Number of protein chains: 2
Amino acid sequence: MKPSPPKMSAALKNRGPKRLKVDPELLLNAAQRVFSKSGMNGASIRAIAREAECDPALIYYHFKSKEAMFHALLDRKMPPIAMELEALADPSNTEPTSLRLWRASRVFRHYFGEDSGFRAVLRGQILNGTEGTKDAIARHIQRNAKCNWAILEQGIERGHLRADLQVRMTAFFLVRMFMEIFDLIPAIAERIANVPANQALVLAERAWFELFWRGVAAHPAKPLPPELFSVE
Amino acid sequence: MKPSPPKMSAALKNRGPKRLKVDPELLLNAAQRVFSKSGMNGASIRAIAREAECDPALIYYHFKSKEAMFHALLDRKMPPIAMELEALADPSNTEPTSLRLWRASRVFRHYFGEDSGFRAVLRGQILNGTEGTKDAIARHIQRNAKCNWAILEQGIERGHLRADLQVRMTAFFLVRMFMEIFDLIPAIAERIANVPANQALVLAERAWFELFWRGVAAHPAKPLPPELFSVE
DNA sequence: CCTCAATTTCAACGACCGTTGAATTATTCG
DNA sequence: CGAATAATTCAACGGTCGTTGAAATTGAGG
């Protein structure tokens, strides 16, 4: 994590203060909070420094730039998600495809559901970030996406899903709509449909997965297992 | 359109220059371009003025603030959409529900499909705008949404759609996923799935509507009319 | 031409921005 | 202790921002 600046000359390396006030991990935490609150452009180095209760210049000691901070944040946040999904997508898993897809959606909910700011930054950066940032995000997303593709392909092989599914598009639909539900339903349910936000959220998640499942299943007349939505 | 400043005293009103250089409509055009390119926060009054080739202060002569410009933009952009949708949702329209829903999606494509910046601003402002802006957007969106709700409700009555549909959620799913396709597929298709963007866009629209239709139709085994996707 | 009002420009305010180089503090080793 | 080094702070640069009040420009009515 400690980056470029410290170039030690010889065996005299463990000299200076090791943990004085501010750990880079603390800076990342502060950065995540500020990014989440203000977005990538709105988040100033000075605001991150205020949040971390340190001097703005210190951030440049630990990170090359604001963009580098965001990349570090990505590298901290995304791999755990990929690992959970990779376990879920293992071909030896013979649970019903509907259950596996639902569980995959729960992984995204667990890691992204309560961090609307980070979702927004991620979405904004893949649209408008620098080329380097777009590439970095794409690599992380692809690793996740491959798991969903695998689950869908196995579902087709096992006869659970329509054989003519566009696998990669379908994976996009599943995940992206959950993200949109997290983002937008709380913001618009009360204003547009006059439904309390928390109530709308649960309703939307369920309605979406039912619609999705009916859309992809080989035998849509066969309903979802009723215990599905009580799985944590 | 001309706002507060000009308070004329008597019959001496048609004195000064009437159309000198900059019409407020031109300012709105410039604002739309800049909002689209830079987002709501990123778009500076100075940048809008540069785009309109006028002085920044002139903008404050015609509009109370940047937010007021955005509201004026909304009031110009949204009503034509609502009018097209309201015509489409008229109960006397007895076309197949699938066709009506597809046409509704084409209305959104027509007005939003080539203006990714405005979509982004709209989405951003309903999440993070001021209360006044959120309310204004919600009013416009609700007027549109009601049309989609009506088409879905008529579809249920006519036996085209599942009777247990969550109408308002379903309308959200339909439209919002098209928007996400416009936004994200071009940005991620090449990087993540290695598919050319323009090709992916067409594929995604079709795949989404097929999944959606199968998810909502009363008889999903009955396929969509094949001519659907050749309707302009 | 002159007046007067509608329109447009100018100049400036204070604030915040990302970044950098030099100076300062804190800690460990000899 | 004193030197060396890691961690941190300070002060400043040039820049952009939203906004405003005063000044200048424009054009029609008299």
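The basis for the numbers below is simple: all heavy atoms, side chains too, and nothing from hydrogens, waters or symmetry mates. Predicted model, so just to flag it, every value in this text is computed and none were measured. Just so we're on the same page: letters track the sequence lines, and every chain starts at 1.
- For B:F63 and C:dT7, the CZ to C1' distance is 14 Å, given to the nearest whole Å.
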(request) Sugar-phosphate atoms are those with a prime plus P, OP1 and OP2; base atoms are the rest. Using that split, label each nucleotide of nucleotides 16-23 of chain C B, S or - for protein heavy atoms under 4.0 Å, 5' to 3'. (result) -BBBBB--
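- Proximity of A:H62 to the phosphate of D:dA6: no side-chain N or O atom is located under 4.0 Å from OP1 or OP2.
- Side-chain contact of A:N93 with A:R103: a donor-acceptor pair under 3.5 Å is absent, judged by distance alone.
- Remark: P of D:dG21 and CG of B:L58 are 17 Å apart, rounded to the nearest angstrom.
- Both the sub-6.0 Å distance and the 45° axial angle are satisfied by B:R106 relative to the ring of B:F178.
- When side chains are defined from C-beta on, B:K64 does not count as touching B:M69, because their heavy atoms never get closer than 4.5 Å.
- More than 12 heavy-atom neighbours from other residues, nucleotides or ligands sit within 6.0 angstrom of NZ on A:K66.
- Per the geometry, CD1 belonging to B:I59 stands 13 Å off C1' belonging to D:dC17, to the nearest Å.
- Atom CE in B:M40 sits about 15 Å away from atom P in D:dC17, given to the nearest Å.
- At least one side-chain nitrogen or oxygen of B:Y61 sits closer than 4.0 Å to the OP1 or OP2 atom of C:dT7.
- Remark: P of D:dT19 and CD1 of B:I48 are 11 Å apart, rounded to the nearest angstrom.
- Between A:R168 and A:E153 there is no salt bridge, since none of the side-chain N atoms of the basic residue sits less than 4.0 Å from a carboxylate O of the acidic one.
- In terms of the ring-ring contact (aromatic ring centres under 6.0 Å, His included) criterion, residue partners of B:F212 (sequence neighbours excluded) are, by chain and number, B:W208.
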